[in-house]
Amino acid sequence: MKIEHLELRWVRLPLVTPFRTSFGTTYDRDTFLLRLVTSDGAEGWAECAAELDPLYSAEFLAGAEIVLRDQLVPRVVALGDRLSATGVKTALEPVTGHPMAKHVLETAILDAELKTADMSFGRYLGAVRDRVPAGVSVGIMDSHAELLDHVARYLEQGYRRIKLKIEPGWDVEPVRLVRERFGDDLLLQVDANAAYTLADARHLARLDPFDLLLIEQPLPEDDIRGHASLAEVVRTPVCLDESIASARDAATAIALGACAVINVKPARVGGYLEARRIHDVAEANGVPVWCGGMLETGIGRAPNVALAALPGFTMPGDTSASDRYFATDLTAPFVLEDGHLPVPTDPGIGVEVLPDVLSAITQSTTTIPV
Ligand code: SMG
Ligand code: MG
């Protein structure tokens with residue numbers, strides 16, 4: 001298999017409601033899609049998970065475009081006919097970092113390859129379920145009343161688990177109110193996106209009485225030791241997101257006692273093959289994992305839902321329905337059925353872009369020479 005055509009399409013989709021985290025507020029989902037065509041005549045699609053600004057992690061969209069065009073694409077094109085998704089990681093190894101740029105390229109290649117093989121992502125990755133429970137990530141709000149309204153609405157829609165974004169000044173009180181209002185049976189967790197330091201350990205221990213499933217990434221991404229120390233002070237299980245960039249990182253963090261749960265985001269770790277390795281390492285260590293999200297359109301959501309159907313994904317993920325973020329999705333919408341999303345079964349990512357929506361939201365298209 002060889003790449004015969006490769007294009008990058010910048011798109012912008014307005015969010016139905018702004019999404020605020022400890023590092024900023026997102027109003028629109030800006031991203032780019034990769035579309036490639038192979039010598040077998042298959043089309044591969046993938047969505048870049050980076051954002052406009054390097055706030056969640058060091059990567060950002062404009063940087064990802066440059067590193068794809070000048071560094072990553074030439075390396076996979078140099079493989080010629082020997083190109084296959086399993087060889088992409090090794091070919092890109094000389095380039096340090098840039099996991100989200102690597103992820104979008106590997107995913108588009110894997111999509112095309114699986115379409116040629118007539119196999120779905122779920123089957124290829126080892127999915128053991130045909131539907132996955134859906135969780136929802138709830139942003140920081142202007143008021144407690146607004147937060148309670150949002151949570152109530154999501155629960156009415158059927159979401160199986162609520163994740164509250166937290167930051168200093170928006171943590172113990174919102175958690176207390178949500179717990180009191182919706183009861184002890186609600187599956188509830190929080191995500192700080194690295195907004196605290198180890199000096200906040202005793203403050204974070206005030207979350208203990210609320211029986212949270214986990215606290216996600218309380219400390220900076222490079223503070224593995226801090227997370228291990230924090231885990232000795234707080235009873236809430238510590239979950240890592242930003243800190244885990246590879247299966248090796250997962251093994252290290254587990255061995256050091258820095259995490260009891262892992263949020264697996266394929267984009268953050270350079271692709272679905274590395275994501276599956278993290279799943280395997282975690283499962284071998286008895287550490288549960290769940291699938292994170294980066295406000296993906298249907299193009300990015302579909303393979304995430306497939307990954308979330310692997311056996312070690314025992315906790316509901318941030319795999320929400322399309323209407324959590326978008327009035328109109330780029331693919332046929334993912335719709336909650338009894339609080340679950342169906343795992344796509346068609347070949348490759350198993351969803352197709354809707355051409356009319358795509359042209360309406362496209363900002364620009366560039367062909368990358370191959
Ligand atoms: O796709 O539902 C989603 C987003 C879930 O909270 C979410 N993602 O740190 O886990 C996380 C954040 C990162 C993106 S914030 C703009
Ligand atoms: Mg997170």
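Since we're looking at a predicted model, the values are computed, not measured. Remember, it's 1-based here, ligands and their atoms both numbered in the order they're listed.
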Looking at [atom], what's its closest protein heavy atom, distance included?
atom	answer
atom 16 (C) of ligand 1	Glu51 OE2, 3.1 Å
atom 8 (N) of ligand 1	Gly293 O, 3.1 Å
atom 1 (O) of ligand 1	Leu295 N, 2.7 Å
atom 9 (O) of ligand 1	Asn193 ND2, 2.7 Å
atom 5 (C) of ligand 1	Asp318 OD2, 3.4 Å
atom 12 (C) of ligand 1	Lys165 NZ, 3.2 Å
atom 14 (C) of ligand 1	Met294 SD, 3.7 Å

Which of the numbered atoms in ligand 1 are below 4.0 angstrom from a heavy atom of [X]?
X	value
Phe19	6 (O), 15 (S)
Glu216	10 (O)
Lys163	6 (O), 7 (C), 10 (O), 11 (C)
Lys265	9 (O), 10 (O), 11 (C), 12 (C), 13 (C)

N or O contact, [X] vs ligand 1, cut-off under 3.5 Å:
X	answer
Thr21	no
Thr26	no
Asp191	yes

Side chains of [X] and [Y]: do they bring a donor and an acceptor to under 3.5 Å?
X	Y	result
Glu7	His5	yes
Glu352	Trp45	no
Gln217	Asp191	no
Ser22	Asn193	no
Tyr272	Asn304	yes
Tyr56	Asp241	yes
Arg153	Gln157	no

Original post:
Is the backbone of Gly226 close enough, under 3.5 Å, to the side chain of Asp223 for a donor and an acceptor to pair up by distance?
Top reply: yes

Original post:
Which bit of Asp241 gets closer than 4.0 Å to ligand 1, counting heavy atoms only: side chain, backbone, both or neither?
Top reply: side chain

Original post:
Is there a heavy atom of Arg324 sitting under 4.0 angstrom from any atom of ligand 1?
Top reply: no

Original post:
Does Gln217 have a heavy atom less than 4.0 Å from any atom of ligand 1?
Top reply: no

**OP:** Indicate, with yes or no, if the rings of Trp290 and Phe313 have centres closer together than 6.0 Å.
**Re:** no

Original post:
Should we count CZ of Arg123 as having more than 12 external heavy atoms under 6.0 Å?
Top reply: no

Original post:
Under 2.8 Å from the Mg ion (ligand 2), is there an N/O/S atom belonging to Glu216?
Top reply: yes

Subject >> Name of the Asp241 atom (N/O/S only) found closest to the Mg ion (ligand 2) >> reply: OD2

Original post:
When you measure from the Mg ion (ligand 2) to each N, O or S atom of Asp191, which atom gives the shortest distance?
Top reply: OD2

Original post:
Counting heavy atoms only, which of Ser137, Ala192, Ser57 comes nearest to atom 7 (C) of ligand 1?
Top reply: Ser137

**OP:** Run down the list Tyr56, Tyr325, Phe23 and name the one with the heavy atom closest to atom 4 (C) of ligand 1.
**Re:** Tyr325

Original post:
Roughly how far, to the nearest 0.5 Å, is CD of Gln189 from CG of Leu214?
Top reply: 4.0 Å

Subject >> Heavy-atom side-chain proximity of Glu113 to Thr116 below 4.5 angstrom >> reply: no

**OP:** Identify the residue among Arg161, Arg301, Lys165, Lys265 that makes a salt bridge (Lys or Arg N to Asp or Glu O under 4.0 Å) with Asp318.
**Re:** Arg161

